Amino acid sequence: GAGPGAPCVPRYVRVNTLKTRVDDVVDFFKRQGYSFLGKAGSMEELRTLSGKKFLLDLHLPELLVFPPQTDFHDNRLYTSGHIILQDKASCLPAFLLSPVASSHVIDACAAPGNKTSHLAAILKNKGQIFAFDLDAKRLATMNTMLTRAGVTSFKLAQQDFLTVDPHDPKYSKVTYILLDPSCSGSGMVNRLLVEEAAPSAERLQALAGFQRRVLSHALSFPAVQRLAYSTCSVHREENEDVVQAVLQEQGSAFRLVNVFPSWPCRGLATFPGAECCLRASPADTLTQGFFVAVLERCRDQAAVPS
Ligand code: SAM
């Protein structure tokens with residue numbers, strides 16, 4: 001959304017490797033008068049960044065870090081799709097899903113498409129991304145953004161993902177799914193500043209119900225091997241609780257992957273294995289509040305034929 005960012009959260013710039021290279025973007029900003037401090041060695045370096053200085057992130061490749069007040073919405077590199085203005089936490093799902101080149105991937109709740117374009121960059125525009133969203137307006141924005149970013153390997157559909165048939169032969173090679181469903185948004189720092197109330201228990205319950213249904217549905221695609229589930233919520237009802245309920249329902253078909261062991265902030269220990277999940281927050285990771293879980297099909301579990 002619009003408005004100033006949280007004072008403590010740096011501005012992150014993802015280099016769109018479909019169009020350019022990290023070195024070229026670094027040179028561009030140097031020519032604009034920024035000094036490049038190299039790759040960050042600690043979170044402290046990110047925390048204390050100020051003035052016209054920037055760093056390469058210490059956790060994620062192709063991510064540049066600028067001081068909190070930086071705004072590049074009018075920058076030529078942004079308007080030409082060479083850079084994507086995306087919070088660091090929101091770069092985790094595609095990075096951790098890490099689809100191998102030429103894969104077929106579903107982005108189930110995709111608009112406005114930042115994660116879709118990240119997936120396409122990881123796939124180097126090879127393979128196929130099937131992207132779905134309900135919201136026509138957000139899909140229109142997404143089309144413009146993906147075209148600008150040079151993403152060619154995608155099919156965009158205005159469709160309720162819950163109505164997408166997992167047994168349609170079109171999706172028979174889908175081995176990866178990114179699922180970033182609607183959530184309370186309680187992790188968004190800007191939202192916390194402008195909205196008075198935390199989400200009600202009823203609203204959280206309704207969201208969690210949807211999130212469980214959509215996660216179960218995603219896991220019913222017969223060839224899926226790996227799935228990244230994410231929200232920008234800080235509420236366990238939408239995060240650990242959703243993952244726990246769906247894993248339980250799936251029996252031993254899927255397990256949590258212990259992703260990114262060096263990431264400083266883990267899932268709340270609400271069930272055995274929940275520490276495999278990642279959390280993010282302004283205080284702990286200098287990002288928006290966020291949650292990611294990566295699920296993998298257990299090796300000896302073949303898909304149940306229908
Ligand atoms: N992944 C997106 C990105 O990185 O730019 C952000 C997705 S946003 C958190 C959630 C999206 O889910 C919204 O655009 C909303 O319209 C969409 N959505 C909600 N219910 C849906 C459904 N049943 N099927 C498909 N999309 C849905």
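None of these values were measured; they are calculated from a predicted model. Atoms within a ligand are numbered from 1 in the order they appear, just like the ligands themselves. The analysis underlying the following values was restricted to heavy atoms, covering all of them including side chains, and did not include hydrogens, waters or symmetry mates.
- Closest protein heavy atom to atom 9 (C) of ligand 1: D180 O, 3.5 Å.
- Distances from atom 20 (N) of ligand 1 to the heavy atoms of F161, F132, F210 put F210 nearest.
- Counting protein heavy atoms only, atom 8 (S) of ligand 1 is closest to R138 NH2, 3.4 Å.
- By the criterion of a heavy-atom distance under 4.0 Å, both the backbone and the side chain of K115 are placed next to ligand 1.
- Of all protein heavy atoms, the one closest to atom 18 (N) of ligand 1 is S182 OG, 3.9 Å.
- Looking at L37 and E45, their side chains never come closer than 4.5 Å, going by heavy atoms from C-beta outward.
- In this structure, H104 and F130 have side chains that are in contact, with non-hydrogen atoms separated by less than 4.5 Å.
- Side-chain N or O atoms of D133 include none that pairs as donor or acceptor with a backbone N or O of Q158 at under 3.5 Å.
- Contact annotation: L134 has at least one heavy atom less than 4.0 Å from an atom of ligand 1.
- Here the side chains of R148 and Y78 are in contact, with some heavy-atom distance below 4.5 Å.
- Note: F95 and H118 fail the aromatic proximity criterion, with ring centroids not under 6.0 Å apart.
- A donor-acceptor pair shorter than 3.5 Å can be found between the side chains of S186 and S184.
- When each atom of ligand 1 is checked for a heavy atom of D135 under 4.0 Å away, the hits are 16 (O).
- The aromatic rings of F260 and H59 stand perpendicular to each other, their planes meeting at an angle above 60°, with 30° marking the opposite boundary.
- Of the listed options D133, L119, D87, D133 places a heavy atom closest to atom 16 (O) of ligand 1.
- Which of A108, S90, C109 comes nearest to atom 27 (C) of ligand 1 through a heavy atom is settled by distance: it is C109.
- Between R266 and C277 there is no side-chain heavy-atom pair separated by less than 4.5 Å.
- By the criterion of a heavy-atom distance under 4.0 Å, the backbone of A110, and not its side chain, is placed next to ligand 1.
- In this pair, F221 and Y171 present their aromatic rings perpendicular. The plane angle is above 60°, beyond the 30 to 60° band.
- Near G113, with a cut-off below 4.0 Å to any heavy atom, the atoms of ligand 1 are 3 (C), 5 (O).
- By the 4.0 Å heavy-atom criterion, Q159 is counted among the residues contacting ligand 1.
- Polar contact with ligand 1: absent for P181 (N/O pair, distance under 3.5 Å).
- Here the protein heavy atom with the shortest distance to atom 23 (N) of ligand 1 is D160 OD1, 2.8 Å.
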